[in-house]
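We count ligands from 1, going down the list as the structure has it; atoms in each ligand are counted the same way.
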Amino acid sequence: MANTVFIVPELDKNGCWYDYRVHYTGGYGWRGDRTLNQIKYIVLHHTVSTAYSNIDKEVDQIAKYHINTNKWGGCGYHFIISTEEKNGLAKVGYVGDIASIRAHTPNMKGAFSIPAKQGNIYTLGIALVGDFTNKQPSPAQLKSTHLLCNQLIYKESQYSELKSWDNLKSHKDFDYTSCPANVDPEKIINQNIIPAEKSGYEKALEEAENWNDEIQKKYGFKIINLINKNSVSRQDLIIILNNFKKYLDKEIR
Ligand SMILES: [Zn+2]
């Protein structure tokens, strides 16, 4: 069973962070664990459950449905974004350990080079409480979801395959479903509540693009074109680029 300490400070200091893992069976996992660098995508869902403006009631309803009706060993998501608000933010529940394989993105389409039916191993599930078929998530839900994703992608280096906002996807990208309806990743990305910052991966790429101009002038080719950056992990890309830089710094000077 996994026990991954994880907090979003901005939500925590506003009284919007709740850890429910101990409250329900399977909170720390039941289908097996994974390593944090196996997480390739954050996947958005909507719960199509009743909004009570009460995080305890909302989490309870979803967890019980997954456990008693779906007969799963625990709640299928990792995080639930409730409709209860405080200080303009939605309260967020950490319901399933990040390093545990859960049950809501089987990936029947075999999307993004992930084998079909194995999506749960590689995805992290965030569910917004409500049915967004004919309505929009609240501004507070969008903000809290942004803060949560921002923490995972940009603030913590151990989620090394979460390279940029491109790693935020919808459930329908993986399975034949309309989920999460109007919960569009673009709306979550475009919450300008945090000054734009770059991930380690993006900074390395930017630096590499700068070297590229120098290198092209001298050698007539661009390094970046020699590496398939989509198939290399963030750490490996940084190592490769740093080694190239050391080598070329000697060559160019
Ligand atoms: Zn879904």
Side-chain angles (χ1 to χ4, degrees), residues 20-21 24 26-27 29-32 34 38-52 55 57-83 90-138 140-142 144-149 152-153 159 162 165-189:
Y20 287 97
R21 289 175 299 161
Y24 298 98
W30 78 95
R31 313 178 66 190
R34 60 179 173 192
Q38 283 185 292
I39 304 168
K40 292 187 191 297
Y41 295 101
I42 300 173
V43 179
L44 297 167
H45 301 268
H46 67 155
T47 62
V48 196
S49 62
T50 313
Y52 293 108
I55 187 167
K57 277 176 87 169
E58 288 173 346
V59 168
D60 198 57
Q61 182 190 34
I62 296 158
K64 283 187 176 151
Y65 187 83
H66 287 180
I67 294 164
N68 300 333
T69 306
N70 293 358
K71 307 285 182 204
W72 292 343
C75 182
Y77 307 118
H78 294 90
F79 297 99
I80 290 175
I81 313 291
S82 80
T83 65
K91 294 188 172 182
V92 175
Y94 183 11
V95 292
D97 197 277
I98 301 174
S100 67
I101 300 162
R102 312 220 51 97
H104 233 325
T105 315
N107 191 26
M108 300 311 290
K109 293 178 178 176
F112 307 113
S113 310
I114 295 173
K117 299 185 185 174
Q118 291 183 35
N120 290 315
I121 299 172
Y122 302 101
T123 56
L124 184 152
I126 298 178
L128 282 75
V129 173
D131 180 345
F132 300 107
T133 310
N134 294 309
K135 61 179 241 198
Q136 300 295 326
S138 71
Q141 284 182 307
L142 293 174
S144 288
T145 309
H146 179 102
L147 288 167
L148 171 56
C149 295
L152 288 159
I153 300 170
Y159 308 99
L162 298 177
W165 284 112
D166 290 342
N167 294 82
L168 179 63
K169 302 289 184 194
S170 298
H171 186 187
K172 64 186 173 196
D173 294 329
F174 297 84
D175 293 308
Y176 300 98
T177 171
S178 59
C179 179
N182 284 322
V183 183
D184 180 356
E186 286 303 316
K187 286 179 202 155
I188 285 151
I189 296 165

Colleague: Taking the six-membered ring of Phe174 as reference, does the NZ or CZ atom of Lys109 fall below 6.0 Å from its centre and within a 45° cone about the axis?
Modeller: no
Colleague: Checking Lys40 against Phe112: charged group under 6.0 Å from the ring centre and within 45 degrees of the axis?
Modeller: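 No - Lys40 does not lie over the ring of Phe112 by the 6.0 Å and 45° rule.
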Colleague: I need the single residue from His45, His171, His46 that forms a ring-ring contact (aromatic ring centres under 6.0 Å, His included) with Tyr77. Which is it?
Modeller: His45
Colleague: Return the minimal non-hydrogen interatomic distance between Arg31 and Asn120, and the atom names on each side.
Modeller: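 Heavy-atom minimum between the residues: NH1-ND2, 3.3 Å.
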Colleague: Counting no waters, how many protein N/O/S atoms sit under 2.8 Å from the Zn ion (ligand 1)?
Modeller: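 Near the Zn ion (ligand 1), the number of protein N, O or S atoms below 2.8 Å is 3.
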Colleague: Just jot down the side-chain contact (heavy atoms from CB on, under 4.5 Å) partners of Arg102, sequence neighbours excluded, or say none.
Modeller: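 With neighbours one apart ignored, the set is Trp30, His78, Ser100.
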Colleague: Which heavy-atom pair separates Asn68 from Lys71 by the least distance, and what is that distance?
Modeller: O-NZ, 3.0 Å
